[in-house]
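Small disclaimer: the values here were computed from a predicted structure and weren't measured. Chain A is the first sequence line, chain B the second, and so forth, proteins listed ahead of strands; every chain is numbered from 1.
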Amino acid sequence: MKLVIAAGPPSAGKTAVIRQIIGQMRDRLAIAYMKIDVVRAFEDEELAAEFGIPTKKIYSGDLCPDHAGIMVMSDAIAWAEEHAADLLIVESAGLCLRCSPYTTQSLGIVVLSAVSGTNTPLKMGAMLALADIAVVTRIDLVSQAEKEVFRERIREVSAALDIVETNAVQGTGMRYLLRAINAFPEIENPESIVLRGAPPLGVCTICIGKKEIGWQQHFGVIRKLEGADYLYRGD
Amino acid sequence: MCPEAIREITILPGRNKQGEPERFDAITIRPGETISIVGPTGSGKSALVNDIEIFAQNDTVTGRTVLVNGRQPPEEFVRDPAQKPVALITQHTKCLADLMVREFLLMHLRSRKIEDETVVQRTIDLANEFTGEKIRGDMKMTSLSGGQTRSLMVADAIVISNTPIILLDEVESAGIFKGRVIETLKRYGKAVIFVTHDPLVSLLSKRRIVMRDGSVEKVIEPGDSEREALDEAIRLDDIICRMRERIRAGETFTAPVSA
Ligand SMILES: Nc1nc2c(ncn2[C@@H]2O[C@H](COP(=O)(O)OP(=O)(O)OP(=O)(O)O)[C@@H](O)[C@H]2O)c(=O)[nH]1
Ligand SMILES: Nc1ncnc2c1ncn2[C@@H]1O[C@H](COP(=O)(O)OP(=O)(O)OP(=O)(O)O)[C@@H](O)[C@H]1O
Ligand SMILES: [Mg+2]
Ligand SMILES: [Mg+2]
Ligand SMILES: [Zn+2]
């Protein structure tokens, strides 16, 4: 079985891209789909109804969705294999811009919208830098010049990233993404899958529910306003 | 810049919205030609230019195939913006780049690996020939009007992208001097494909592709037979243009309007 992990900001077009993948590959492959979201998600029901494939969702609640995803990933692989899937697609809500959900032995797809502002790629950190392919959606709404400028911004973050531009509703340009999925190897050994990046330190007393404001009230990873630049960064 | 010069682009038929095969053999487009695509709303005009833009290989809703010099084009034509021979100015262009005009054009230069920064001013100057509302380098892209944005994008496609083929999806829809755009494009020897609802733009093109129900219904090559209609369209367009300018300037029309 192959594993594809798609991440990207809310409404970037992740599900639209995944719909295209499923629509164009389901003749040849048995596909399973899982959505990881924070509070509400509907994709599992929609995609199950539309394509008749096994789907699942999990809510991460107060936990970072990427952390939640990692926690359940091995169960998810077992679940998809029980359904005899050839391809498991995981869509992450991708709200936490510090983490990234990609693992080893998976194809990491980051989905960005071309109309989300020229600086978006610079703000996305690991979610972009650790991906294998960037899929740029809503290409139908921008001009050639804007496409090129957006692409240049992505290259600034990660020069080697493969970029696919698409109108995800119509499916234009998807041939390159499908080819990358086709060429990608199957999971070799689920037990040896690990997270690609080191997730940032996320533990402080605010995380465990202390609400007082001011760094004096807290311990763990703390910062003052003065010099409040990065105290720690993951990969 | 391109790995091979474009001699021609060939569109091979796909299917209409009912899945029935299209009824043309092939449409061939060469540099310097002007073609318009006309038809009712929803008839598949944008879909056709999109097929050309991405060099469809039977992998879009229409099932069409687009060849370059008779062959499937090299992948760089589609994927490497610096080698892509087509520039599409879409129907919905609203530039969302949070940049000044000058910065935006500079970024575009960089992505095209062009060193000569005087190109930026040349692009702005050309854009200003297309629109009545002056564009300056220190304006925010987001503050440009629809007409200014489209003018700038067309100028950008000519000067910076400098592609042999330009696709314009409804150039007339905003405050832009379409006659001047067409003249300039001809002067630069571009192959231009207009999606249009505008009689003047249609009549100014050498060929007209008529769309219906998702497919190419027919291709008209009028030659000189529409000369009179074209003259009439030019005359009417001139009147409309002047009326538009006067309305914008707050004038009233109590005396008859002359041609
Ligand atoms: N015009 C256009 N619309 C698009 C494109 N991609 C997605 N959309 C639309 O954008 C909206 C959001 O897309 P989704 O695929 O649901 O986005 P998502 O990233 O899955 O969103 P969440 O999972 O809710 O974070 C939908 O209405 C899509 O139809 C595109 O390339 N062009
Ligand atoms: N051959 C086809 N087969 C299936 N669907 C098609 C075909 N051609 C066009 N469509 C679909 O029909 C819809 C309308 O087409 P399109 O947007 O190209 O129309 P248009 O002529 O540009 O309309 P407008 O004048 O309103 O811009 C689109 O969703 C498009 O994907
Ligand atoms: Mg979604
Ligand atoms: Mg259209
Ligand atoms: Zn996180």
Could you tell me which residues satisfy side chain to side chain donor-acceptor pair (under 3.5 Å) with B:T60, sequence neighbours excluded, listed by chain and number? B:D51, B:T62

Between A:E148 and B:S161, is there a side-chain heavy-atom distance shorter than 4.5 Å? yes

Sort B:L88 into side chain, backbone, both or neither according to what part of it lies under 4.5 angstrom from a heavy atom of chain A. backbone

Which one, B:D156, B:D59, B:L152, leads in non-hydrogen pairs under 4.5 Å with chain A? B:D59

Residues in residues 24-56 of chain A that sit under 4.5 Å from chain B, counting heavy atoms only: none

In residues 159-168 of chain A, which residues are in contact with chain B at a heavy-atom separation under 4.5 Å? A:D162, A:I163, A:V164

Around atom CD of B:E115, are there more than 12 heavy atoms from other residues, nucleotides or ligands closer than 6.0 Å? no

Between A:E156 and chain B, which part of the residue has a heavy atom less than 4.5 Å away: side chain, backbone, both or neither? side chain

Answer with side chain, backbone, both or neither: which region of B:E53 has an atom nearer than 4.5 Å to a non-hydrogen atom of chain A? side chain

Proximal to chain B - members of residues 170-184 of chain A, heavy-atom separation under 4.5 Å: A:Q170, A:G171, A:T172, A:G173, A:R175, A:Y176, A:R179

Please classify the contact between B:A157 and chain A as side chain, backbone, both or neither, with a heavy-atom cut-off of under 4.5 Å. neither

Nearest 0.5 angstrom please: A:E152 CD to B:H108 NE2, how far? 9.5 Å

Is atom CD of A:E188 surrounded by more than 12 heavy atoms (other residues, nucleotides or ligands) closer than 6.0 Å? no

